[in-house]
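Just so you know, residue 1 is the first one in the sequence shown, and it goes up from there. In this text, all values refer to a predicted model and were calculated from it rather than measured experimentally. Every number for a ligand or one of its atoms is a count from 1 in the order of the listing.
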Amino acid sequence: MNEDISIDMERAVTAIRDCLNDTQGVIGLSEPYFNGNEWRYVQECLNSGWVSSAGKFVDRFEADLAAYTGAGYAVATVNGTAALHIALQVAGVKPGDEVLAPTLSFVATTNAIAYCCAIPHFVDSEWRSLGVNPEVLRDYLSRIGTPQGDTLINRHSGRPIRALVVMHTLGHPVDLDPVVALCEEFGISLVEDAAEALGSQYRGHHVGHAGQLGILSFNGNKIVTTGGGGAILTDDEELARQAKHLSTTAKLSHPWRFDHDRVGYNYRLPNINAALGCAQLEQLPAFVTAKRQLADRYRAAFNSIDTVSFVEEPDYGRSNYWLHAIRLHDYAQRDLWLEHFHSSGIQVRPIWTLQNELPMFRDTPAMPLPVAKQIEQSLITLPSSVGLVINDA
Ligand SMILES: *Cc1c(COP(=O)(O)O)cnc(C)c1O
């Protein structure tokens with residue numbers, strides 16, 4: 001191995017431990033932090049007897065989410081994947097449609113499209129934001145798309161291109177204004193996968209409701225957690241009504257009758273999970289501050305290591321820095337770095353395998369994906385838990 005690289009790897013380990021004021025022990029990637037009213041609200045929930053799919057915490061959690069994000073409506077679901085499944089259907093995605101989605105994403109994004117019996121159509125990423133590149137996508141759609149009435153048709157497959165899913169990777173917002181303009185120009189729905197981006201802003205507005213719908217996740221590794229959970233965000237009252245209807249078995253409201261008007265889903269977030277969520281949301285501003293302080297420390301620490309760069313938020317937005325990350329300048333060395341960090345007790349991770357390389361999505365349509373590949377080869381995510389910094393914040 002190159003001498004300089006092994007010196008830099010050792011310096012990186014020291015830098016991370018210095019940033020976290022932790023010189024011993026195994027450091028996890030992203031662990032939950034409970035230091036507010038969690039016990040109180042969960043106990044209140046148990047005492048009330050309302051632990052399942054109805055209760056005051058679900059309603060309060062939705063109201064708190066809408067207030068925090070500025071979205072008109074929030075609909076809580078069992079997890080972020082279920083939220084995506086519902087959001088895509090409400091956005092008009094039908095069996096046989098194509099849905100544009102980043103190849104650089106967690107598998108939930110792509111799975112939700114497949115659950116709709118739709119076909120993912122993979123798009124490339126932008127080096128800076130790690131998300132969709134609106135300029136390159138616009139160019140691509142002008143070449144492969146042909147309008148037929150109100151619908152954009154893929155001239156190669158003959159299928160409608162119904163929607164675009166963008167994903168705010170690691171919390172860094174994509175460039176939403178040109179994305180919204182592009183969707184309007186081509187007549188496609190916009191769904192934001194903001195699973196990683198609760199607390200992130202684009203030009204002063206919280207992400208997740210720039211298009212028709214967006215989704216959040218409250219899985220255990222996200223910035224706030226409900227154990228498992230998710231939510232759909234929208235500014236449109238009718239879309240919110242449909243999302244809630246579909247996620248609650250499409251039951252028609254009535255004091256005792258069981259009438260349902262379509263195939264719905266049992267996707268409602270249980271009240272006991274929402275109780276946890278209400279307590280976590282109270283701490284969210286402090287969590288975002290802690291993540292951003294850790295970003296400042298990492299930025300300063302990695303500044304003096306020539307072979308890597310710290311991944312910065314884009315200049316048009318404010319990231320929640322859900323996961324901190326570095327890029328290696330020499331991609332070929334990634335696995336050596338991963339092994340070195342792990343053997344030093346630091347639980348770093350590579351980013352996800354590109355979706356178009358997974359066996360079930362290998363034969364789906366895709367634009368050229370060179371930048372996503374470079375990001376995938378060069379990125380390493382770092383320990384990012386709120387609890388690593390918040391005590392001395
Ligand atoms: C976490 C996550 C989801 C949803 O995950 P759930 O575990 O179902 O809540 C979706 N997309 C992305 C990009 C995610 O990181």
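Ordered by chain and residue number, the residues placing a heavy atom less than 4.0 Å from ligand 1 are Asn79, Gly80, Thr81, Ser105, Phe106, Ala108, Thr109, Met167, Asp193, Ala195, Glu196, Ser217, Asn219, Lys222, Gly229.
The shortest side-chain heavy-atom distance between Arg159 and Asp97 does not fall under the 4.5 Å cut-off. Taking the side chain as every heavy atom from C-beta outward, Leu252 and His260 never approach each other to under 4.5 Å.
Salt bridge absent: Arg17 and Glu10 never bring a charged side-chain N and a carboxylate O closer than 4.0 Å.
Under the rule for a side chain to side chain contact (heavy atoms under 4.5 Å, CB included), the partners of Glu44 that lie at least two apart in sequence or sit in another chain are Arg40, Tyr41, Lys56, Phe57.
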Per-pair distances, 0.1 Å, donor-acceptor, side chain in residues 176-188, under 3.5 Å, sequence neighbours excluded:
residue	atom	partner	partner atom	Å
Glu185	OE1	Arg138	NE	2.9
Glu185	OE1	Arg138	NH2	3.4
Glu185	OE2	Arg138	NH2	2.7

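Each side-chain hydrogen bond (donor to acceptor under 3.5 Å, both in side chains) pair with one or both residues in residues 346-362, not counting sequence neighbours, appears once here: Thr103-Asn356, Thr110-Gln355, Glu357-Lys373.
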